[in-house]
Amino acid sequence: MEFSTIKGFKDILPEEVGPWQRLEQTARHVFHCFGYREIKTPLLERTELFSRSIGEETDIVSKEMYTFHDSKGRGMTLRPEATASLTRAYIQNRLYHQSPVQKLFTIGPMFRHEQPQKGRFRQFHQIDAEIFGDPGPMSDAELILMAMEILRLLDLEGLTLAVNSLGCPECRPGFRSELSKFLAQKTGALCDNCTRRARTNPLRIFDCKVPACGQAVAGAPSVLDFCCEACRAHFKGLQGYLEEAQIPFRVDHRLVRGLDYYTRTAFEIQTDLLGAQNAVVGGGRYDQLTQQLGGPDLPAIGFAMGMERVVALMERRGEAMPERPDLFICALGTEAGKAAFVWMTDLRRSGFWVEMDYSGKGLKAQMKRAHRLGARRALIVGEDELAAGKAVLRDMDNKRQEEVALEGLTSHLQQALRQND
RNA sequence: GUGGGUGUAGCUCAGUUGGCAGAGCACUGGGUUGUGGCCCCAGUUGUCGAGGGUUCAAGUCCCUUCAUCCACCCCA
C-alpha cells in the first residue's frame with residue numbers, strides 16, 4: 001500500500017462512528033442544559049499563543065507541537081489543546097463586553113507529536129468547556145458536575161474524580177521553594193528520573209514507582225499546607241458544593257497538571273481501564289491566563305475530555321445496535337426496477353430509509369442483501385405483480401407477507417413502515 | 001527520544017529440522033429457474049511489511065529498514 005495514515009493519526013470508520021456520535025450528542029445535550037454555547041476556533045494559531053500560555057518549559061511546548069513557519073517566517077502551530085485558543089478568542093472578540101460571564105464549549109481535533117500508545121494519539125479529539133469571568137468555587141463545581149453528567153448519561157462505570165488545589169501566585173512560590181529545599185536534602189536518594197523532576201516538575205516525584213523515591217518523599221510538605229487563606233476557602237467551597245451535589249471525589253495532593261497556567265483547582269476524572277493513560281477528563285482553573293495574553297484580568301476554569309478515551313470505554317462495554325433500513329425493494333425486471341426507483345425516492349423524501357438493488361440480480365440474491373442490511377421489510381415486485389397491480393410486502397422478522405395494491409402504494413407503505421416500534 | 005512485542009488472504013490467525021502458501025470467518029455462485037438466516041457443494045482473494053544476504057531451495061536462518069502495538073517520559 002503506497003499511502004496510509006501517518007503515525008498516530010486514525011481513520012474513524014463508518015462502523016466505529018456510532019459511539020462518537022452518541023458521545024457528541026450527549027455532550028451537546030448537557031451543554032445546552034448547563035447553558036454553554038458552542039464556539040469554533042481555527043486549528044492553526046501563532047506559535048507564541050501556545051508557548052506563552054502553556055509554558056515554554058512544558059513537554060507540550062518544548063517537544064510535542066506541530067510547528068512550521070509560513071512564507072513570511074512566522075511560527076504557526078496546530079493547536080495542542082483548546083484553552084489557549086478559546087482564551088484568545090474571548091479576548092480578541094471582547095466577549096466579556098457582551099456579558100461578564102461566558103460559558104463556552106468546543107469539540108474538535110488537537111495535535112501533539114508524542115509517541116503513540118494505548119489511548120494516546122498524535123491527532124486526538126477533545127470536548128472542551130470553559131467558564132470565563134467567574135472566580136467562585138461554584139463555577140468549579142458546575143464545570144466538574146457537567147463533565148460527570150456527560151459520562152453518567154453514557155452509563156460509564158469505574159470512573160473516579162480526583163481534585164486538588166495548586167495554590168495561587170500568592171502561595172504557590174512558598175510551597176515550591178519549600179519543596180525544592182526538601183528535595184535538595186534528598187539528592188542521591190532519588191532515581192535519575194526524579195532528580196530531573198526535582199527541577200522541572202517537583203510534584204511528579206510523588207507519583208514515582210521506584211520504592212526508594214517513595215520513601216524519600218514520605219515527609220515532604222504538601223501543597224494544601226501552604227495554601228493561603230483565600231485558596232483554602234476556595235478549595236473548601238468547591239468540596240462543599242461537590243458534596244451537596246452528591247458527587248463522590250477524592251482529594252489527591254499529588255495531582256499536578258503539565259500545563260503552567262493552572263491555579264487553584266485542578267481535577268481529573270480517572271479510569272484504570274485504559275492502560276497507562278488514566279485521565280479521561282482533565283481540567284483546572286487558570287485565573288491569570290487572560291491577563292497574561294494581553295486581555296483583562298478575569299478568572300477562568302475549564303476542562304478537556306479525551307474523546308478517544310471515552311469512546312474506548314464505551315466500546316469496551318459493548319454498544320451499538322446498528323440502524324436498520326425501513327424497507328428493501330426487490331425489483332425483478334427493468335419495468336419493475338423503474339417503478340421501484342420512483343417509489344424508493346418518494347419514500348426517502350418522506351423520511352424513510354429505503355434501499356434497493358441496482359445490479360439486476362435474482363430475487364434470492366436481493367433477499368439476501370435485504371437480510372444483510374437488516375431491512376425490516378421487503379417489497380417484492382416483478383412482472384407478474386406489475387400486471388396484477390399488486391406487490392408483496394414481507395416482514396423480514398416474522399416472515400409474514402401480505403399483498404398491497406400498486407394503486408396508492410407509497411402512501412400505503414408509509415403507513416405500514418411507521419409501525420416499526 | 002528510549003525499551004520490548006507483533007507484521008502471512010478483506011478479518012482472526014496456523015505454518016514442524018529450510019522443501020508446492022494454509023484454516024476459520026467473510027465474500028461470490030450453485031443446490032432452490034421468484035423469497036433471507038440453518039445446512040451442503042464449488043469458487044475468488046496473497047509483492048508472506050520492504051530491501052539485501054546465505055542456500056540447489058527462505059514465510060522459516062542472517063543483516064538492514066519500515067509499520068504497528070505496548071511501555072517509559074508526559075498527557076485527554
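Letters go in sequence order (proteins before strands), and every chain restarts at 1.
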Remember a base hit wins even if backbone is also touched, and classify [X] as base, sugar-phosphate or nothing at under 4.0 Å, heavy atoms.
X      : answer
A:D128 : nothing
A:E385 : base
A:A276 : base
A:V310 : nothing
A:G275 : sugar-phosphate

Tell me if the side-chain of A:Q366 makes a donor-acceptor pair with the base of B:rU35, cut-off 3.5 Å, by modelled atom types. no

Counting side-chain heavy atoms from CB outward, which of B:rA76, B:rU35, B:rC73 is closest to A:K63?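 The nucleotide sitting nearest to the side chain is B:rC73.
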
Would you mind telling me which of B:rG1, B:rG34, B:rG36 lies closest to the side-chain atoms of A:Q115?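 Among B:rG1, B:rG34, B:rG36, the one nearest the side chain of A:Q115 is B:rG1.
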
Considering just the side-chain nitrogens and oxygens of A:Q117, establish if one lies under 4.0 Å of OP1 or OP2 belonging to B:rC69.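 So the side-chain polar atoms of A:Q117 never come under 4.0 Å of the phosphate oxygens OP1 or OP2 of B:rC69.
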
Under 4.0 angstrom between A:R372 side-chain N/O and B:rC27 OP1 or OP2: yes

Between [Y] and [X], is there a salt bridge with N-O shorter than 4.0 Å?
X      : Y      : result
A:K390 : A:E385 : no
A:D357 : A:K368 : no
A:E308 : A:R120 : no

Distance between P atoms of B:rG1 and B:rU65 (Å, rounded):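 Straight-line distance between the two P atoms is 14 Å.
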
Give me the distance, rounded to whole Å, that separates B:rU17 from B:rG36 when you measure between the P atoms they each carry.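 Between the two P atoms, the distance is 49 Å.
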
Sorted by first residue and then second, give each ring-ring contact (aromatic ring centres under 6.0 Å, His included) pair with at least one member in residues 253-283 of chain A; sequence neighbours left out. A:Y261-A:Y286

Just the dot-bracket of RNA chain B, please: which string comes out with Watson-Crick or G-U pairs under 3.5 Å, [ ] for crossing, | for another strand? (((((((..((((.....[..)))).(((((.......))))).....(((((..]....))))))))))))....

Please determine whether salt bridge (charged side-chain N to carboxylate O under 4.0 Å, His left out) holds for the pair A:D326 and A:R377, giving the CA-CA distance in whole Å, both sets of side-chain angles, and the decisive distance to 0.1 Å. CA-CA 6 Å; A:D326 297 300; A:R377 279 166 241 262; over 6 Å; no

Which is more 5' along RNA chain B, the nucleotide nearest A:A365 or the one nearest A:V280? Just name the residue.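 Residue closer to the 5' terminus by nearest nucleotide: A:A365.
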
Say whether A:T87 and A:T290, considering side chains only, have a donor N or O and an acceptor N or O under 3.5 Å apart.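 No, A:T290 and A:T87 have no side-chain donor paired with an acceptor closer than 3.5 Å.
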
Side chain to side chain contact (heavy atoms under 4.5 Å, CB included) between A:W353 and A:L347, worked out: CA-CA 8 Å; A:W353 178 8; A:L347 288 167; over 6 Å; no

